[in-house]
Amino acid sequence: MNVYDSERMAEALGGQGYVSTNTPDDADMILLNTCHIREKAAEKIYSELGRYKGLKAEKPDLKIGVAGCVAQAEGAEIVRRQPMVDLVVGPQSYHKLPQMEARVQTGRRAIDTDFPEEDKFEHLTKRPKARRGPTAFLTVQEGCDKFCAFCVVPYTRGAEVSRPAEQILVEAAELVDRGVRELTLLGQNVNAYHGHADGLAGLIWKLSDIDGLERIRFTTSHPNDMDDALINAHRDCPKLMPYLHLPVQSGSDRILKAMNRKHTAAEYIDLINRIRDAKPDLLLSGDFIVGFPGETDADFEDTMTLVREVGYGQAYSFKYSARPGTPAAEREDVPADVADERLQRLQALLSDQQKAAQNAMVGRNTTVLFEKTGREAGQLVGKSEHLQAVHVVGNIDLIGTVQSVRITTAMTNSLEGELL
Ligand code: 5AD
Ligand code: SF4
């Protein structure tokens, strides 16, 4: 979602005459978009700001801004620790960047971390018409009402809000006109989407009517919002790709309860079975937290058991990070060395499963949407239906098209194939 937000912020400033640069030395403004989900991500912002301090001393006209969820949660703290920061904008207010930029140009500081009444998306600068790459993110839902005990999202992104389907369909059609062939619908809790009478499945079916749009994905989902309509869309909608990121976080009922996840491990497994009945070929992805306060060896073994039973083609796993203001932050941490060891064991298992999923592709035919040229001459890179990177030798004209490919080799993080 930060990639999507950054794009929209760049577009908002485009109206003020800004263009993007990859070189901080060339910049008139450096805007850092930030993540608050774990402490490490949040702390990165201060070292990053430190790097630009010298540049700001050399170029006093350079403006420095902080956007995103760290800005939302720690706006005042950022300005206290780094008084050179000119602009602080939360994730719900970045449509106000043009006015904020104007204020900053008068030598004043601009801070906005409100949750405004108006719809940010209605007020954003219109998206440009220039051609762009074949894949795009599209935010359809923001915020979360689930209040998992470890998570800052309900505080930084606010309550769950769905964009109206009509608004999304207009943005999607514009992106397709600009060359986009695959859309990934985004939301912190995307399958709770309710901007269409038939929920996320209703929106997916509507989007699948857009000519030229060939692939639809969505991320990230909560197990309790996985309704039958969405499961059936995985079975029946040819444009919906066979990939599902469905985090469970833990395999222990005790920990799931302490996390306020509101389902058991058995209920999750039952759900996975129903989804696989509908779409046997689906590749499953997940998120896991190890070392949540109170997690015992037995709880962790329950997570390992669940992972073995489910089988993930891809997954993310994290060491629990206490986040200020969340209920779990008050509880006693698992010792760091214990959490480290659990993380290593879990990651080894998940990595074996990912390798097995990659190897299982060898000899299979799949379709690939080609996105760019590869490092080697004549090479093209794209994504399989299961979101695996695929390399082939092929003509550059195939970029932006979906082609049938036979997978010949599995590498650690990608596949090689030949065009059919
Ligand atoms: N500590 C560690 N991991 C976290 N996540 C969210 N909050 C925390 C935290 N406090 C992970 C969850 C979530 C993913 C986006 O980040 O696994 O699904
Ligand atoms: Fe955070 Fe996801 Fe839980 Fe919402 S459902 S509180 S975003 S982990």
According to the side chain to side chain donor-acceptor pair (under 3.5 Å) rule, which pairs have a member within residues 392-403, sequence neighbours left out?
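For residues 392-403, and leaving out neighbouring residues, the side chain to side chain donor-acceptor pair (under 3.5 Å) pairs sorted by first residue read Thr401-Gln403.
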May I ask you to check whether [X] and [Y] show a side-chain donor-acceptor distance below 3.5 Å?
{"X": "Tyr46", "Y": "Glu74", "value": "yes"}
{"X": "Ser6", "Y": "Asn33", "value": "yes"}
{"X": "Thr367", "Y": "Glu385", "value": "yes"}
{"X": "Thr305", "Y": "Asp302", "value": "no"}
{"X": "Ser317", "Y": "Gln347", "value": "yes"}

For the residue pair [X] and [Y], what are the closest heavy atoms and their distance?
{"X": "Pro116", "Y": "Ser93", "result": "CD-OG, 4.1 Å"}
{"X": "Val176", "Y": "Gly212", "result": "CG1-C, 3.8 Å"}
{"X": "Thr125", "Y": "Arg8", "result": "O-NH2, 3.5 Å"}
{"X": "Leu200", "Y": "Asn191", "result": "CD2-CA, 3.9 Å"}
{"X": "Leu207", "Y": "Leu213", "result": "O-CD2, 3.7 Å"}
{"X": "Cys144", "Y": "Pro154", "result": "O-CB, 3.4 Å"}

For [Y], is there any backbone N or O sitting under 3.5 Å from a side-chain donor or acceptor partner on [X]?
{"X": "Asp227", "Y": "Leu230", "value": "yes"}
{"X": "Ser384", "Y": "His386", "value": "yes"}
{"X": "Ser321", "Y": "Glu39", "value": "yes"}
{"X": "Gln72", "Y": "Thr113", "value": "yes"}
{"X": "Asp299", "Y": "Thr296", "value": "yes"}
{"X": "Gln353", "Y": "Val307", "value": "yes"}
{"X": "Tyr320", "Y": "Asp333", "value": "no"}
{"X": "His194", "Y": "Ala192", "value": "yes"}
{"X": "Gln141", "Y": "Asn189", "value": "yes"}
{"X": "Asn260", "Y": "Ala149", "value": "no"}

Does a side-chain N-to-carboxylate-O contact under 4.0 Å join [X] and [Y]?
{"X": "Arg127", "Y": "Glu174", "answer": "no"}
{"X": "Arg163", "Y": "Glu171", "answer": "yes"}
{"X": "Glu43", "Y": "Lys40", "answer": "no"}
{"X": "Lys63", "Y": "Asp28", "answer": "no"}
{"X": "Lys120", "Y": "Glu142", "answer": "yes"}
{"X": "Glu214", "Y": "Lys239", "answer": "no"}
{"X": "Asp277", "Y": "Arg235", "answer": "no"}
{"X": "Lys257", "Y": "Asp253", "answer": "no"}
{"X": "Asp281", "Y": "Arg276", "answer": "no"}

I'd like to check the side chain to side chain contact (heavy atoms under 4.5 Å, CB included) partners of Ser351; sequence neighbours left out, ordered by chain and number.
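Lys355.
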Side-chain donor-acceptor pairs of residues 408-420 under 3.5 Å, sequence neighbours excluded:
from: Thr408; atom 1: OG1; to: Glu416; atom 2: O; distance (Å): 3.1

Does any part of the side chain of [Y], heavy atoms only, come nearer than 4.5 Å to the side chain of [X], both counted from C-beta?
{"X": "Met226", "Y": "Arg274", "value": "no"}
{"X": "Val390", "Y": "Lys383", "value": "no"}
{"X": "Gln388", "Y": "Leu283", "value": "yes"}
{"X": "Leu49", "Y": "Ile64", "value": "yes"}
{"X": "Val180", "Y": "Pro134", "value": "no"}
{"X": "Cys35", "Y": "Ile45", "value": "no"}
{"X": "Ile216", "Y": "Ser208", "value": "yes"}
{"X": "Ile204", "Y": "Cys237", "value": "yes"}

Mind running side chain to side chain contact (heavy atoms under 4.5 Å, CB included) on Asp225 and His222 for me, showing each step along the way?
CA-CA 6 Å; Asp225 290 315; His222 191 289; 4.0 Å; yes
Mutual orientation of the aromatic rings belonging to Tyr4 and Phe121 [parallel < 30°, tilted 30-60°, perpendicular > 60°]
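Tilted, since the angle between the ring planes falls between 30° and 60°.
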Going by the angle between their ring planes, with limits at 30° and 60°, are His234 and Phe218 parallel, tilted or perpendicular?
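It falls in the tilted class, 30° to 60°.
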Let's go through Thr366 and Arg406 carefully: what are the C-alpha distance in whole Å and the side-chain angles of both, what is the deciding distance for side chain to side chain contact (heavy atoms under 4.5 Å, CB included) to 0.1 Å, and is it a yes or a no?
CA-CA 6 Å; Thr366 182; Arg406 205 178 102 83; over 6 Å; no
Could you tell me whether Tyr312 and Phe288 have their ring centroids closer than 6.0 angstrom?
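So the answer is yes for these two rings.
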For the aromatic rings, using the six-membered ring if either is Trp, is the centroid distance between Tyr316 and His245 under 6.0 Å?
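Ring centres of His245 and Tyr316 closer than 6.0 Å.
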Pair Cys151, Arg323 - check side chain to side chain contact (heavy atoms under 4.5 Å, CB included), show working.
CA-CA 7 Å; Cys151 184; Arg323 307 307 291 128; over 6 Å; no
Partner of Asp112 by side chain to side chain donor-acceptor pair (under 3.5 Å), out of Lys96, Gln92, His95:
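When side chain to side chain donor-acceptor pair (under 3.5 Å) is applied between Asp112 and each of Lys96, Gln92, His95, only Lys96 qualifies.
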Between Phe150 and Phe318, does the ring pair (Phe, Tyr, Trp, His ring centres under 6.0 Å) criterion hold? Intermediate values first, please.
CA-CA 12 Å; Phe150 50 81; Phe318 313 100; 9.7 Å; no
Results of salt bridge (Lys or Arg N to Asp or Glu O under 4.0 Å) for Arg181 - residues two or more places apart only
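For Arg181, no residue satisfies salt bridge (Lys or Arg N to Asp or Glu O under 4.0 Å) once neighbours in sequence are set aside.
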State which residues pass salt bridge (Lys or Arg N to Asp or Glu O under 4.0 Å) with Glu301; sequence neighbours excluded, sorted by chain then number.
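Testing Glu301 for salt bridge (Lys or Arg N to Asp or Glu O under 4.0 Å), a comparison that skips the adjacent residues, returns Arg345.
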So among Glu7, Glu11, Glu371, which one has a salt bridge (charged side-chain N to carboxylate O under 4.0 Å, His left out) with Arg132?
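Exactly one pass, corresponding to Glu7.
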Hey, could you give me each pair passing salt bridge (charged side-chain N to carboxylate O under 4.0 Å, His left out) that has a residue in residues 284-296? Not counting sequence neighbours.
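Residue pairs with at least one partner in residues 284-296: Glu295-Arg342.
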Just wondering, are more than 12 heavy atoms of other shown residues or ligands nearer than 6.0 Å to CG in Asp209?
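For Asp209, atom CG is crowded (more than 12 foreign heavy atoms under 6.0 Å).
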Step by step, would you call Leu31 with Leu13 a side chain to side chain contact (heavy atoms under 4.5 Å, CB included)?
CA-CA 11 Å; Leu31 194 52; Leu13 288 169; 4.0 Å; yes
